[in-house]
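Written out below as structure tokens is the structure these notes cover.
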Number of protein chains: 2
Amino acid sequence: MTPQNKKIPRMSLERLPIYYRTLCNLADDGYQRIKSAQLGKIIQIEPTTIRRDFSYFGDLGKSGYGYDIGHLIEIFGMILEVNETQGLALIGVGNLGRALLINNFRRNPNLEIITAYDADPAIIGETINDVIIQPLADLQADLSTKQIKGVISTVPSHALQLVVDYLVECGITSILSFAPEPVNVPESVHVRYLDLTTEVQNLLLLAELG
Amino acid sequence: MTPQNKKIPRMSLERLPIYYRTLCNLADDGYQRIKSAQLGKIIQIEPTTIRRDFSYFGDLGKSGYGYDIGHLIEIFGMILEVNETQGLALIGVGNLGRALLINNFRRNPNLEIITAYDADPAIIGETINDVIIQPLADLQADLSTKQIKGVISTVPSHALQLVVDYLVECGITSILSFAPEPVNVPESVHVRYLDLTTEVQNLLLLAELG
DNA sequence: TCATTTTTGTTAATCAAATCACATTTACAG
DNA sequence: CTGTAAATGTGATTTGATTAACAAAAATGA
Ligand SMILES: NC(=O)c1ccc[n+]([C@@H]2O[C@H](COP(=O)([O-])OP(=O)(O)OC[C@H]3O[C@@H](n4cnc5c(N)ncnc54)[C@H](O)[C@@H]3O)[C@@H](O)[C@H]2O)c1
Ligand SMILES: NC(=O)c1ccc[n+]([C@@H]2O[C@H](COP(=O)([O-])OP(=O)(O)OC[C@H]3O[C@@H](n4cnc5c(N)ncnc54)[C@H](O)[C@@H]3O)[C@@H](O)[C@H]2O)c1
């Protein structure tokens with residue numbers, strides 16, 4: 001079953017980065033093959049779920065043998081496009097944005113923040129990790145010279161809709177926001193939220209009840 | 001239907017913090033009532049999903065009228081225990097941990113990082129936002145004087161299992177980790193991951209395919 | 001080579017969540 | 001007070017994901 005033929009379930013796609021990372025770690029440790037049962041132990045996913053997930057990307061395994069780690073990495077890497085670096089823009093270089101920029105996905109060679117923007121004149125012009133902080137209005141122009149695949153926003157809630165409107169206008173279609181304010185965007189634009197407060201509240205709540 | 005009687009679906013609980021925050025914002029803006037349809041517009045959730053979620057917590061609405069915002073806030077606030085501050089410990093005060101500590105949930109009066117720990121002697125003793133950075137070994141003792149409801153870990157992947165083992169030993173049961181390394185813990189301990197890299201990869205992937 | 005064991009890939013069964021559809025309740029206008 | 005419009009709460013249905021069960025395929029060892 002090839003990817004093109006059938007729609008791959010959302011959840012299977014969501015797990016792909018986890019599979020990919022884990023397999024890379026295994027390869028680094030010198031392993032060459034893995035069975036769904038072993039992998040399941042490591043990442044706490046049922047082996048049968050893993051096998052079904054893998055099956056969406058082709059007949060990747062061999063009965064009585066398992067999966068070739070190198071082969072899986074190659075296939076999944078292709079889907080995740082790890083060979084070409086995915087350029088990202090960061091909007092809002094406050095405390096959180098700064099931490100992201102300093103780290104800049106150093107463990108993930110295929111993700112890279114290549115431009116950064118802020119509204120505060122006091123920090124515009126500053127360079128962090130080889131990236132110059134620019135006024136947001138420069139983004140439009142930067143797009144003509146740099147391949148920006150997505151945006152990470154760490155601006156405060158009250159500024160988010162404004163910023164996102166501008167991003168949409170510039171043609172950005174993938175946005176990850178650390179502020180949980182729900183924003184209005186056209187159908188074609190994907191917005192994800194990484195809502196720390198909700199995560200913590202859920203953690204405590206589920207410990208209490210669930 | 002009262003909360004005690006029936007098990008509340010996981011997803012309904014997960015949405016509770018979002019409902020709560022949104023309702024508080026509406027109250028701040030002077031609104032006193034809301035219909036499931038309006039609320040659904042704001043937070044992009046189907047009205048029927050909202051009504052069913054709410055129904056798990058009692059008969060909160062009135063036909064032909066909607067919901068009283070103050071009443072919802074009171075009920076949900078009670079479930080989320082917003083009246084007593086939930087004390088948190090932060091492990092790992094690097095770039096990311098520092099950003100969290102400086103912000104310290106200032107928009108959420110019921111969450112508060114009350115202690116912080118790190119392994120680096122160079123920063124132990126430093127005070128950020130009235131919290132002193134201590135060696136991790138001090139946590140055990142701190143637990144006898146302070147109510148710590150959960151832990152946020154921003155230590156690197158390679159240190160995570162070690163740190164978590166210690167936390168479990170101390171009796172901590174709720175952990176949020178920014179490092180995606182899967183850890184082994186007893187059944188009774190809840191670990192959540194907030195995996196930035198996976199979030200970004202999924203964002204780009206779903207924009208590409210889904 | 002052949003029997004045994006292992007492990008996959010997938011059909012069928014289960015489970016959980018979202019949505020539909022509508023009877024019931026309440027607000028409100030006249 | 002009464003009739004109409006509006007909105008809830010919930011059985012029934014649909015959708016989607018996970019898990020169980022197992023036949024088919026490949027490896028291994030005698
Ligand atoms: N840091 C945390 O612990 C934490 C916790 C929960 C949620 N958040 C969310 O993440 C956001 C960022 O957190 P932070 O601690 O980095 O805040 P911060 O105030 O340190 O940084 C915000 C940055 O955004 C910039 N900014 C404001 N408006 C802008 C605009 N229109 N265009 C470009 N840049 C703009 C500011 O100049 C500032 O540098 C918070 O507002 C919050 O919504 C953070
Ligand atoms: N910052 C990012 O953009 C980013 C992105 C993806 C994932 N992460 C994850 O978050 C983690 C933290 O990120 P960061 O940028 O703050 O890294 P960092 O290196 O700045 O901070 C890590 C901190 O943990 C402390 N530490 C190490 N071992 C410890 C131990 N055993 N006990 C107590 N403290 C210990 C270190 O002293 C340091 O202060 C990363 O390792 C990574 O797994 C971060």
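Please read these numbers as outputs of a predicted model, since none were measured by experiment. The figures here come from the full heavy-atom set of this structure, side chains too, leaving out hydrogens, waters and symmetry mates. Chain letters run A, B, ... following the sequence lines, proteins first, then strands; residues in each count from 1.
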Margin query: Rounded to whole Å, how long is the line connecting atom CE of B:Met11 with atom C1' of D:dA17?
Written below: 12 Å

Check: Would you say D:dG9 has OP1 or OP2 under 4.0 Å from some side-chain N or O of B:Tyr67?
Finding: yes

Note to self: So for B:Ser63 and C:dT25, does any side-chain atom that can act as donor or acceptor lie under 3.5 Å from a complementary atom in the base?
What the structure shows: yes

Check: Separation of B:Asp68 atom CG from C:dA27 atom P, in whole Å?
Finding: 12 Å

Note to self: So, OP1 or OP2 of D:dA7: does either fall under 4.0 Å of a side-chain N or O from B:Ser36?
What the structure shows: no

Next item on the list: Look at A:Arg51 and C:dT8 and indicate whether a side-chain polar atom (N or O) is within less than 4.0 Å of OP1 or OP2.
Entry: yes

Item checked: Side-chain N or O of B:Thr48 closer than 4.0 Å to phosphate OP1/OP2 of C:dA18 -> no

Note to self: Just by distance, no angles: are the side chains of B:Tyr19 and B:Asp53 close enough, under 3.5 Å, to form a donor-acceptor pair?
What the structure shows: yes

Checklist line | Atom-pair distance (CD1 on B:Ile8; P on C:dA16), nearest Å | finding: 15 Å

Next item on the list: Step by step, work out the salt bridge (Lys or Arg N to Asp or Glu O under 4.0 Å) result for A:Asp195 and B:Arg21.
Entry: CA-CA 12 Å; A:Asp195 182 351; B:Arg21 186 191 14 244; 2.5 Å; yes

Checklist line | Polar side-chain atom of A:Tyr166 near backbone of A:Ala137 as donor-acceptor pair, under 3.5 Å | finding: yes

Item checked: Electrostatic pair B:Arg107-A:Glu181, nearest N-O below 4.0 angstrom -> no

Check: Once you round it to whole Å, what is the distance between C1' of D:dT8 and CG of B:Leu72?
Finding: 13 Å

Next item on the list: Respond yes when some side-chain nitrogen or oxygen of B:Lys35 is under 4.0 Å from OP1 or OP2 of D:dT8, and no when none is.
Entry: no

Item checked: Side chain of B:Ser55 - closest among C:dA18, D:dG9, D:dA21 -> D:dG9

Notebook entry, point to check: How long is the line joining CG of B:Asp53 and P of C:dT19, in whole Å?
Noted result: 11 Å

Item checked: Toward the 5' end of DNA chain D, by each residue's nearest nucleotide, A:Lys62 or A:Arg15 -> A:Arg15

Check: Rounded to whole angstrom units, what separation is found between the NZ atom of B:Lys7 and the P atom of C:dC15?
Finding: 12 Å

Checklist line | A:Tyr65 OH to D:dA24 P, straight-line distance once rounded to whole Å | finding: 24 Å

Checklist line | Side chain A:Arg52 and base D:dT18 donor-acceptor under 3.5 Å | finding: no

Next item on the list: Rounded off to whole Å, could you give me the CD1-to-P distance for the B:Ile34 and C:dA27 pair?
Entry: 18 Å

Next item on the list: With the side chain of A:Asp59 defined as its heavy atoms from C-beta on, choose the nearest nucleotide among D:dT19, C:dG9, D:dG9.
Entry: C:dG9

Check: Can B:Arg192 and B:Glu14 be counted as an ion pair, charged N to O under 4.0 angstrom?
Finding: yes

